[in-house]
Amino acid sequence: MEKNIVASQIKAGNRLIDISNEDKILFPKSKITKGDIIDYYLKAADILVPFTKDRPLTVRRFPNGIHKDNFYQKNTPEYYPDWIDRIPVEKSDKSVIEYLNCKNAATLVYMANQACIELHPWLSQLPNLNNPNKLIFDLDPSTTNFDLVRETALVIKDAFEEHGLAAFAMTTGSTGLHVVAPLKPLVNFDHVRDFAKYLADELVSQNPKHLTTEIRIERRGKRLFLDYLRNSWSATSASPYGVRAKESAPVATPIFWEEVKSKKLTSQKYNIKTVLKKLESDGDPWKNFNKNRVKLKV
DNA sequence: GTCAACA
DNA sequence: TGTTGACAACGCAAC
DNA sequence: GTTGCG
Ligand SMILES: [Mn+2]
Ligand SMILES: [Mn+2]
């Protein structure tokens, strides 16, 4: 008797994507399979793809599950299909990285089948790769004190608004939060990063006991790290609606500021089983993200 | 996860 | 035809 | 020039 090895296929957009090993368990404790991740990304594509389209994308792949060897992938292998779009970017040594452009549901599903769990896009977008069109304050706690993260996010929201920036909040699905401001892509990464560092240092000076911009973990102590370095050339950060490689498959989730005020909030509050239901029932907290792009003033 | 090299 | 091994990141800041 | 970091 011949074994049935006919690969299954999934329709994404107007393409049929070959799927392999959909029952392979990638999250052993929570028993989540590669098929579950593919299914999530297919359903999330409409809300997710606008955050990855036309941005160089680094992906993090876990072919043998989240507790086994994994790797970041920047270059897109030659053997990926022609219809997968690439964004060439010159490195400092003049060699070129062919970054993936995750511009449609088919690409997202193809990558999910590659055991790609995490998505880390750039902060800039074609045709302005040199100039970020968002600014991110990445809040990385050194302890489990999430109240400090929430309260600091609210302080940053006020600071952004004092500088004419709109502020949007997101759980990262790991330990912290992001506060994000949409920008017009008018100035380069160094400029935006310098502004972020200036503002971060300002906040640290107002609360030096609990906040820090120290890069060395050892020097942070128990303070909350204000990671302004996300706003650097070629730096990436977790994509909205992207899955994190942690048990239960938490999802980086745009949230309302009212949620940030709640003690019940955690970084991993939403996951692949809950995030799209939340979006459906509560609406899109970042609905106006693209309507609030402003020029950064120093 | 995929491919090239090899038994 | 089946198995094995190689391969899949990099820029910035601190030291 | 190397190491730590995300
Ligand atoms: Mn973070
Ligand atoms: Mn960080």
Side-chain angles (χ1 to χ4, degrees), chain A residues 2-3 5 7-8 17-26 33-35 37-38 56-66 68-81 84 86-100 107 109-124 129-130 132 136-142 172-178 188-194 196-198 200-201 212-221 223-239 242 244-246 252 267:
Chain A
E2 183 182 307
K3 225 178 186 176
I5 55 164
S8 67
I17 313 293
D18 291 338
I19 300 301
S20 59
N21 299 324
E22 48 189 317
D23 295 330
K24 187 169 186 173
I25 290 177
L26 298 184
T33 65
K34 193 171 81 172
I37 300 301
I38 292 167
L57 182 71
T58 298
V59 297
R60 192 174 174 202
R61 293 173 53 196
F62 296 78
N64 299 305
I66 62 169
K68 299 289 180 61
D69 284 352
N70 68 86
F71 55 92
Y72 289 86
Q73 176 176 311
K74 288 176 184 272
N75 210 37
T76 306
E78 294 270 0
Y79 59 77
Y80 278 22
I84 300 269
R86 278 92 162 163
I87 301 176
V89 178
E90 195 174 278
K91 282 195 293 184
S92 43
D93 69 0
K94 302 294 180 193
S95 65
V96 173
I97 297 180
E98 300 277 343
Y99 281 92
L100 195 98
T107 304
V109 168
Y110 182 89
M111 289 314 298
N113 186 58
Q114 289 289 298
C116 159
I117 294 176
E118 298 195 353
L119 307 171
H120 300 267
W122 280 31
L123 278 62
S124 63
L129 280 192
N130 291 328
I136 298 182
F137 260 59
D138 173 25
L139 309 188
D140 292 337
S142 303
T172 64
S174 181
T175 61
L177 293 175
H178 284 179
N188 66 24
F189 279 99
D190 285 358
H191 190 114
V192 174
R193 191 233 297 128
D194 288 351
K197 176 160 172 35
Y198 154 78
D201 284 334
T212 182
T213 54
E214 288 284 358
I215 288 170
R216 294 282 163 146
I217 290 176
E218 187 183 56
R219 295 203 167 195
R220 291 179 201 162
R223 295 174 291 178
L224 171 63
F225 176 46
L226 306 180
D227 182 3
Y228 62 91
L229 285 167
R230 293 312 85 219
N231 304 285
S232 301
W233 167 259
S234 100
T236 62
S237 57
S239 174
R244 305 310 299 274
K246 311 258 185 199
S267 187

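What you see is a predicted model, and the numbers here were worked out from it, not measured in a lab. Chain identifiers are assigned alphabetically (A, B, ...) following the order of the sequence lines, protein sequences preceding nucleic acid strands; residue numbering begins at 1 within each chain.
For A:Ser92, whose side chain is taken as the heavy atoms from C-beta onward, the closest listed nucleotide among C:dG11, B:dG1, C:dC12 is C:dG11. Listed candidates were C:dA9, C:dG11, B:dG1. Nearest to the side chain of A:Lys74 is C:dA9. In this structure, of C:dA8, C:dC15, C:dA13, it is C:dA8 that holds the atom nearest to the side chain of A:Arg61. Here the nucleotide nearest the side chain of A:Lys91, chosen from C:dC12, C:dC10, B:dG1, is C:dC10.
At least one side-chain nitrogen or oxygen of A:Gln114 sits closer than 4.0 Å to the OP1 or OP2 atom of B:dT2. Of the side-chain N and O atoms in A:Arg193, one or more sit less than 4.0 angstrom from OP1 or OP2 of C:dA13. Contact check, A:Asn21 against B:dG1: a side-chain N or O comes under 4.0 Å of OP1 or OP2.
No side-chain donor-acceptor contact under 3.5 Å links A:Ser267 and A:Thr175.
Atom CG of A:Asn113 is separated from atom P of C:dA8 by 21 Å (rounded to the nearest Å). One can place CG of A:Leu123 at 14 Å from C1' of C:dG11, the figure rounded to the nearest angstrom. One interatomic measurement links the two molecules: CG of A:Asp93 to P of C:dC12, which rounds to 13 Å at whole-angstrom precision. We find that CD of A:Glu118 is positioned 14 Å from C1' of C:dA9, with the value rounded to whole Å. Rounded to whole Å, atom C1' of C:dC7 lies 12 Å from atom OH of A:Tyr80. Rounding to whole angstrom units, CD of residue A:Glu98 and P of C:dC7 are separated by 20 Å. As rounded to whole Å, 16 Å separates atom P of C:dA8 from atom CG of A:Leu100. Counting to the nearest Å, the C1' atom of C:dG11 and the CG atom of A:Asn231 are 14 Å from each other.
With a 6.0 Å radius and a threshold of 12 heavy atoms from other residues, nucleotides or ligands, A:Tyr198 has its OH atom at or below the threshold. Heavy atoms of other residues, nucleotides or ligands lying less than 6.0 angstrom from CD of A:Glu90 number more than 12.
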Report the secondary structure of DNA chain C in dot-bracket form, marking unpaired bases with a dot and bases paired to a different strand with |, and treating Watson-Crick or G-U pairs with both distances under 3.5 Å as paired. |||||||..||||||
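Note that CZ of A:Phe62 and SG of A:Cys116 are 9.5 Å apart. Values are rounded to the nearest 0.5 Å. Taking OH from A:Tyr110 and OH from A:Tyr80, the interatomic distance works out to 5.5 Å, rounded to the nearest 0.5 Å.
The C1' atoms of B:dG1 and C:dG11 are separated by 27 Å, rounded to the nearest whole Å. Between C:dA8 and D:dC5, the distance separating the two P atoms is 25 Å to the nearest Å.
Heavy-atom distances to DNA chain C give each of A:Tyr228 and A:Asn75 a nearest nucleotide, and the one nearer the 5′ end belongs to A:Asn75. Of the two residues near DNA chain C, A:Ala235 and A:Lys197, the one whose nearest nucleotide lies more 5' is A:Ala235.
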Between the protein and nucleotides 1-5 of chain C, are there any N/O to N/O pairs under 3.5 Å, and if so, what are the atom names and distances?
none

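Summarising the geometry of A:Gln73 relative to A:Arg61, their closest heavy-atom pair is OE1-NH1, 2.6 Å, with the distance given to 0.1 Å. Nearest heavy-atom pair, A:Arg223 versus A:Ser142, reported as atom, atom and distance to 0.1 Å: O-OG, 2.6 Å. The two atoms that bring A:Arg230 and A:Ser237 nearest to each other are CD-CB, 4.2 Å, heavy atoms only. Of all heavy-atom pairs between A:Tyr99 and A:Val89, the closest is CD1-CG2, 3.7 Å. Between A:Tyr228 and A:Arg193, the shortest heavy-atom contact is O-CG, 3.8 Å.
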Protein proximity profile, nucleotides 1-6 of chain D - base contact B, sugar-phosphate-only contact S, no contact -, cut-off 4.0 Å on heavy atoms: --BSSS
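One N or O on the side chain of A:Asn75 and one on the backbone of A:Glu98 form a donor-acceptor pair closer than 3.5 Å. The backbone N or O of A:Ser20 lies less than 3.5 Å from a partner atom in the side chain of A:Asn113, making a donor-acceptor pair.
Note on A:Lys24: only backbone sugar-phosphate atoms sit closer than 4.0 angstrom, heavy atoms only; bases stay farther off. Within 4.0 Å (heavy atoms only), A:Asn64 reaches no atom of the nucleic acid at all. Contact annotation for A:Arg219: backbone-only contact, meaning every heavy-atom pair under 4.0 Å involves sugar-phosphate atoms and none involves a base.
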After noting the C-alpha distance and the side-chain angles of A:Thr172 and A:Asp140, does the key distance pass the side-chain contact (heavy atoms from CB on, under 4.5 Å) rule? CA-CA 10 Å; A:Thr172 64; A:Asp140 292 337; over 6 Å; no
